[in-house]
Amino acid sequence: MPDGTALNAFRESTRKWIRDNFPGSLKGKGLGYEGDADSGLAKDLDVWRARLAGQGWGAPTWPKEYGGAGLSQSEARIINDELIAAGAFNPISMLSGMGITMVGPTVLEYGTEDQKRRHLPGIASGEVRWCLGLSEPNAGSDLASLATKAEDNGDHFVLNGQKTWTSGANISQWCGAVVRTDPKAKKRDGISFVMLPMDQPGVRTRPIKLIAGASPFCETFFTDAIAEKRDLLGELNDGWSVVKRLLQHERQSQTGSRVAASGEKPTPIQELAKTYVGTNADGTLADADLRLRIADHLMDARAHTLTIARITAEAKGNVQVSAAASILKNSATKVAQIKAELTLELMGAQGLGWEGDAFTNKELGAVREWLSGKAMSIYGGSFEIQNNIISKNILGLPETTQKG
Amino acid sequence: MAALNEEQTMVKDQATAWVNEQSPVQKFRALRDSGNPRAFEPTTWSAMIEMGWSGILIPAQYGGSDLGYLTFGVVLEQLGRQLTASPLFASALVGASAVLLGGTEAQKQKLLPKVVDGSEILTLAVDEGPRHAPAATALAAAKSNGGFTLTGAKRFVVEGMSATTFVVAARTSGKPGSMDGITLFTVPADAKGLVRERIVTVDSRGYANVEFDGVTVAADAVLGEVDRGGVLLESVLDRARAGLAAEMMGTAGQAFDMTLEYLKTRTQFGAVIGSFQALGHRAAGLFTSMELARSCAEASLQAIDAGAANVPELVSLAKCKVGDFLHEMSNQLIQIHGGIGMTDEFDAGFYLKRARVAEALYGNQAFHRDRYARLLGF
Ligand SMILES: Cc1cc2nc3c(=O)[nH]c(=O)nc-3n(C[C@H](O)[C@H](O)[C@H](O)COP(=O)(O)OP(=O)(O)OC[C@H]3O[C@@H](n4cnc5c(N)ncnc54)[C@H](O)[C@@H]3O)c2cc1C
């Protein structure tokens, strides 16, 4: 690991690079206009994306030959911190869909040299978006009961079946999918992990509308879809170990470490509460009950951040995908969901709008965020599944029996 | 555990070994059964002094090792695991902090070496009502003959029966309800007009109610500045709260370990009870709370050592979150042990009883939630 002086020098040069390269027009902004071909912002965004990619900063810790920058985790954190400090953000992770957080790290571990060279640079530059075809209508938490079939056809597999809840399937170029390659083997032993392009006749997607109004995910139908054999990730019929690892990366990415995804600084919830609820003469929030629940929420949020810091310090800066991810995922979920509930509550009737001029964009945004946030305790291994993992893998309690 | 340095790791290993070998919870049971009014074993206390724990906060020129609050917390956590009773916390952490933060050179020279060698036992006398409320201080200190005369009463004074010197929060001006106008005094326990009475509490430790019936002290008994002791008092209290949170972390951690062990060994319906998902999930939830609480406890001690500006915030966070966890954990310790948990013969009750006292001491969760909100400006 680089020593303190080297890190300070790195921080200085990072700060300077951001100052010289971040387009001022994007300051304090986030994503949302990337698909908007007319807007000048969309052009600036692509310039910014390309500059970051040129530095290898879309995936700073990946090796340079695969589009990364070969940096340590401490250096990657510095880049993130400096982006936040400058009101900047890193759009590449979002633009890559499931690429940076999940597919990439798993390809790095399990991929062949050829797979790494073909797939990683497009992810690291934010030019190729990936989706993940794991869940099926009858295989959710119990993913290993999946039914989508892949048959060997010489140099490729032929896929038939249905995936569901596939985030970004309609806008992705590539998909990582788990499929059954040996129907006779035991549940977990006949599964393989394949990668396939979405733009082919055998793949069809149908967006699903969610309670928050948007359609961030799809049903995905494979009808004689083709996945090349050279895009089999890991060994044939060993897809379960690949996907287990992938899911660990997913959990890790959902532990709520601060990521520079948007440069906008949100108003602290207690300040928002003061404007909507008002204060007593002594400056305390007028609603005493809400006040203490907000305080408790802020404490939980602080405890969560301190725990990430503690785990990082204990790992001496080199955090691996760890068992602690289940704890952090559940804690991050709780903090975010309670925050959304409190925000709605403090806005009163203004926190109950769906659309229209009677509500500000922030108010409408809070409502949509409250709704979409309910997914946090469902995807990435639900709240209950994380508790299963904690009780079994961390605490060593035996497999569940249900008797009595 | 926080990334400890070499010295801290040594102290931790020493404390863990000593507590397990020399001071397991059976010692506390024997003490409770004996009804010893001082509520600690002299041999336990002298062993701590020999190991240098009474000097952990105290600079070398006064005979200590100056290892800081995180190190002290490491020791208190181990003591908390086996409920070891001693004046270590009251004297070498709370009392010593008051002298270190507020004392003149002469006061430090007079008191600190004796804290280290155990010939003085200090304690803080702050609360006067049943709930922690430092601003409510009413005990009056009136100027007289170049010194002060103290009149009033303090309640629930930790180690109040064994203390040799009290650090007393008194009102020299202003009205109860304000931290302005408070002054701290050192008052020897044998001062004329000071009467202490033992109170018997649910956690079987040593507490006293103390009457000050016109106790006169000289001007050099003032710790810090006259009328401006409120800030000093808060700083001392914050150190006390952070140290107590570390001890509570140990108590709760041990309760968790006992519970987990039982989940793995007790069989019903032909299976160990830990295989029932309701209990597995409860254990997972408790473990998550424990990890979060630990981060708060350690961060508050580290902030004190670093002289950080946000100590009050982090301390209220720690006392509240560790308090919440200990509260729930001590209840689950009983619940998950079933009938055995209700028996005096089993140790669970000791942990439950200690939990509530430690929660209340220097501000319970409600106190610190309110304080946290105030510190954040709402
Ligand atoms: C916004 C969003 C995005 C998603 N994106 C993707 C994606 O890109 N790709 C993809 O493949 N999938 C995706 N998913 C799917 C997600 O992984 C599944 O929803 C998840 O695995 C749960 O499966 P399920 O919905 O079938 O619920 P079920 O598994 O049927 O669960 C129903 C309930 O039962 C509980 N439960 C299930 N098993 C147990 C158990 N053993 N013990 C205790 N309780 C249990 C669950 O916790 C839950 O409360 C996404 C989901 C959402 C909401």
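Per chain, numbering begins at 1; letters A, B, ... match sequence-line order.
Of the possible polar contacts, none joining the A:Arg310 side chain to the B:Glu298 backbone as a donor-acceptor pair under 3.5 Å is found. Between the A:Lys392 side chain and the B:Gly280 main chain, no donor and acceptor come within less than 3.5 Å of each other.
In this structure, B:Asp370 and A:Arg291 have side chains that are in contact, with non-hydrogen atoms separated by less than 4.5 Å. Taking the side chain as every heavy atom from C-beta outward, A:Arg302 and B:Leu314 approach each other to under 4.5 Å. Using a 4.5 Å heavy-atom cutoff, the side chains of A:Asp300 and B:Lys321 are in contact. A:Leu395 is listed as a side-chain neighbour of B:Phe256, based on a closest heavy-atom distance under 4.5 Å. At a threshold of 4.5 Å between non-hydrogen side-chain atoms, the residues B:His281 and A:Asn388 count as touching. Using a 4.5 Å cut-off on side-chain heavy atoms (C-beta onward), B:Asp324 and A:Asp296 make contact.
Considering CD1 of A:Ile269 and CG of B:Leu376, their distance stands at 12.0 Å, rounded to 0.5 Å. The line from OG of B:Ser275 to CG of A:Leu397 is 8.5 Å long, rounded to the nearest 0.5 Å. Atom-to-atom distance recorded for A:Leu298:CG and B:Glu313:CD is 10.0 Å, nearest 0.5 angstrom.
Only the side chain of A:Asp282 comes within contact range of chain B, with at least one heavy atom under 4.5 Å from a heavy atom of that chain. Residue contact with chain A, scored on non-hydrogen atoms closer than 4.5 Å, involves the side chain of B:Ala299 exclusively. Neither the backbone nor the side chain of B:Gln365 comes within less than 4.5 Å of any heavy atom in chain A. With a 4.5 angstrom heavy-atom cutoff, B:Phe378 touches chain A via backbone and side-chain atoms both. For A:Glu384, the parts lying near chain B are the backbone and the side chain together; criterion is any non-hydrogen pair under 4.5 Å. With a 4.5 Å cut-off on non-hydrogen atoms, A:Thr279 does not touch chain B at all.
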